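Just so it is clear, the model here is predicted, and its values are computed rather than measured. Numbered from 1 within each chain, the chains take letters A, B, ... in sequence-line order.
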Number of protein chains: 2
Amino acid sequence: MGEAGPVRRVRADARRNTDALLEAAATVFATSGVDAPVREIATTAGVGVGTVYRHFPKRADLVAAVFRHAVDACADEAPALAAEHPPGEALARWLLRYTDFIATKRGLAAALHSGDPAFDALPAYFDQRFRPALDALLAAAVDAGEARCDVAANDLLRAVANLCGPAHDAGPDHARRMTALLVDGLRRGAVSPA
Amino acid sequence: MGEAGPVRRVRADARRNTDALLEAAATVFATSGVDAPVREIATTAGVGVGTVYRHFPKRADLVAAVFRHAVDACADEAPALAAEHPPGEALARWLLRYTDFIATKRGLAAALHSGDPAFDALPAYFDQRFRPALDALLAAAVDAGEARCDVAANDLLRAVANLCGPAHDAGPDHARRMTALLVDGLRRGAVSPA
DNA sequence: ACCGTAGACGGAACGTGGTTCCGTTTGCAA
DNA sequence: TTGCAAACGGAACCACGTTCCGTCTACGGT
């Protein structure tokens with residue numbers, strides 16, 4: 001099931017452009033929304049449209065790639081936080097980080113439900129990356145007696161996501177405050193470690 | 001607050017075209033989805049695009065008009081059914097009719113949440129037409145002891161709509177069967193009339 | 001019945017955005 | 001240094017929504 005034969009090395013400029021495109025797209029999507037024209041992204045990346053389509057055959061593929069990239073960045077912070085903070089603290093910090101992810105990517109999330117086949121695999125990817133990440137944090141916190149044990153990672157992910165749902169509220173940090181509240185409750189019901 | 005002065009009569013051909021467009025749009029939307037190009041609708045209606053835009057300044061206005069038209073058609077059947085059937089029967093029949101409406105207009109419903117200002121008034125219109133219509137049927141059925149009295153029209157509308165939500169199920173009449181189930185429950189808990 | 005005109009009509013033309021094509025350039029291994 | 005597979009750029013193409021404007025016509029007035 002591994003790679004077959006000597007993988008033809010990707011050219012350095014090709015990799016550089018892929019990265020530039022991913023970064024440019026993230027910026028542009030944040031600035032002008034997910035509907036920003038491909039040309040704008042190409043320009044921002046200092047690249048021709050042809051190059052965009054070489055790396056991402058369809059516009060939706062680029063959107064999907066940006067999404068995965070963001071998911072990765074967020075998920076990868078879980079172990080990092082776990083290494084630098086006590087379990088309960090790490091859990092709280094990561095959930096706040098996750099809150100930002102959800103809040104930031106609302107536009108992308110909407111696009112996911114557009115029916116485009118390029119997005120079909122994203123929900124699964126979302127789960128596959130976030131669930132284990134949160135599971136680890138949660139287990140550690142529970143073990144350390146710093147979080148209650150009757151909440152599943154999945155429920156937590158969904159709950160926080162929903163908490164950030166309706167954006168017709170006060171200040172921009174409303175979501176963070178709500179999540180903080182939730183986390184508070186999460187850390188209270190803890191039982192002492194065995 | 002009434003009309004001011006002699007309203008300049010609308011030309012006969014103008015009205016004919018509006019009707020033709022509404023009908024054509026409904027057909028095309030059902031056939032090719034809500035994203036069908038305006039030109040296709042114009043052609044189907046036997047009209048030039050200029051005429052489409054004379055009657056509906058924005059594409060979204062046409063979509064909204066078709067939606068309202070469909071709402072009207074469905075709501076107007078309520079009194080008609082009430083006149084031809086016993087209350088419980090009328091109620092059941094109309095809810096099935098409403099189920100078809102929901103199932104058929106899923107595409108339109110999705111468009112409603114696109115943020116286009118042309119759709120802002122539609123949810124209110126939906127309520128304003130359907131709630132009273134169902135209220136009447138429901139009240140009559142309850143009075144006749146043919147339906148339980150502890151269900152609100154609003155809840156029923158929402159429930160049926162949700163029932164038709166996920167379309168990843170079996171046969172195309174899945175929604176109708178689900179609604180039938182619901183209606184069954186509705187008619188059971190009835191109490192004899194006073 | 002006939003006119004004059006407000007208003008309607010059709011469809012070419014325009015602007016924007018996605019996608020394709022292809023001649024040119026370039027990283028890299030021999 | 002050289003050869004070429006692969007990558008690049010961006011003009012060109014196509015599909016849409018929307019606008020413009022010259023032409024046509026319903027209909028109230030004579």
**Request:** Rounded to the nearest angstrom, tell me the gap between atom CZ in A/Arg16 and atom P in D/dA7.
**Result:** 13 Å
**Message:** Is there a side-chain contact between A/Leu62 and A/Leu22 in this structure, where contact means two heavy atoms from C-beta onward sitting under 4.5 Å apart?
**Reply:** yes
**Request:** Please list all pairs passing the ring-ring contact (aromatic ring centres under 6.0 Å, His included) test where one or both residues lie in residues 131-154 of chain A, with sequence neighbours left out.
**Result:** none
**Asked** Between CG of A/Leu91 and CG of A/Leu134, what distance do you get to the nearest 0.5 Å?
**Response** 6.5 Å
**Fill in**
B/Ser32 meets the side-chain contact (heavy atoms from CB on, under 4.5 Å) criterion, sequence neighbours left out, with B/Val28, B/Ala36, B/Glu40
**Message:** Under the rule for salt bridge (Lys or Arg N to Asp or Glu O under 4.0 Å), what residues qualify as partners of B/Asp13, not counting sequence neighbours?
**Reply:** B/Arg11
**Message:** Please report the distance, rounded to the nearest Å, between CG in B/Asn17 and P in C/dC9.
**Reply:** 4 Å
**Those residues that, when tested against A/Ala90, pass side-chain contact (heavy atoms from CB on, under 4.5 Å) (two or more places apart)** = A/Leu81, A/His85, A/Leu137
**Request:** Go through the structure and list residues passing side-chain hydrogen bond (donor to acceptor under 3.5 Å, both in side chains) with B/Arg16, not counting sequence neighbours.
**Result:** none
**Which residues share a ring-ring contact (aromatic ring centres under 6.0 Å, His included) with B/Tyr98, sequence neighbours left out** = B/Trp94, B/Phe130
**Request:** Using modelled atom types only, decide if a donor and an acceptor are shared between the side chain of B/Ser114 and the backbone of B/Ala110 within a distance under 3.5 Å.
**Result:** no
**Request:** Take atom CD1 of B/Ile41 and atom P of C/dG10, then tell me their distance rounded to the nearest Å.
**Result:** 15 Å
**Item:** Contact check, side chains of B/Arg9 and B/Arg15, non-hydrogen atoms, under 4.5 Å
**Value:** no
**Fill in**
Under a 4.0 Å heavy-atom cutoff, the residues of residues 25-37 of chain B touching DNA chain C are none
If you restrict it to nitrogen or oxygen atoms, what contacts under 3.5 Å exist between nucleotides 28-30 of chain C and the protein, and what is each distance?
{"residue": "C/dC28", "atom": "OP1", "partner": "A/Ala12", "partner atom": "N", "Å": "3.0"}

**Prompt:** What pairs with B/Val38 under side-chain contact (heavy atoms from CB on, under 4.5 Å), at least two apart in sequence or on another chain?
**Reply:** B/Val49, B/Val52, B/Tyr53, B/Arg59
For residues 117-129 of chain B, run the donor-acceptor check on the side chains, cut-off 3.5 Å, and write out each pair with its distance to 0.1 Å, sequence neighbours left out.
{"residue": "B/Tyr125", "atom": "OH", "partner": "B/Asp72", "partner atom": "OD1", "Å": "2.4"}
{"residue": "B/Tyr125", "atom": "OH", "partner": "B/Asp72", "partner atom": "OD2", "Å": "3.1"}
{"residue": "B/Asp127", "atom": "OD2", "partner": "B/Arg131", "partner atom": "NH2", "Å": "3.0"}
{"residue": "B/Arg129", "atom": "NH1", "partner": "B/Asp72", "partner atom": "OD1", "Å": "2.7"}
{"residue": "B/Arg129", "atom": "NH2", "partner": "B/Asp76", "partner atom": "OD1", "Å": "2.9"}

**Prompt:** Would one find a side-chain N or O of A/Thr51 under 4.0 angstrom from OP1 or OP2 of D/dA7?
**Reply:** no
**Item:** Nearest listed nucleotide, side chain of B/Val47, among D/dT18, C/dG10, C/dT20
**Value:** C/dG10
**Request:** Send over the distance from B/Arg15 CZ to C/dC9 C1', rounded to a whole Å.
**Result:** 18 Å
**Request:** Tell me which residues in residues 54-65 of chain B put a heavy atom below 4.0 Å from DNA chain C, sorted by number, or none.
**Result:** B/Arg54, B/His55
Below 3.5 Å between N/O atoms, which protein atoms pair up with nucleotides 12-15 of chain C? Just atom names and distances, please.
{"residue": "C/dA13", "atom": "N6", "partner": "B/Arg39", "partner atom": "NH1", "Å": "3.3"}

**Prompt:** Does NE2 in B/His55 sit with more than 12 non-hydrogen atoms of other residues, nucleotides or ligands closer than 6.0 Å?
**Reply:** yes
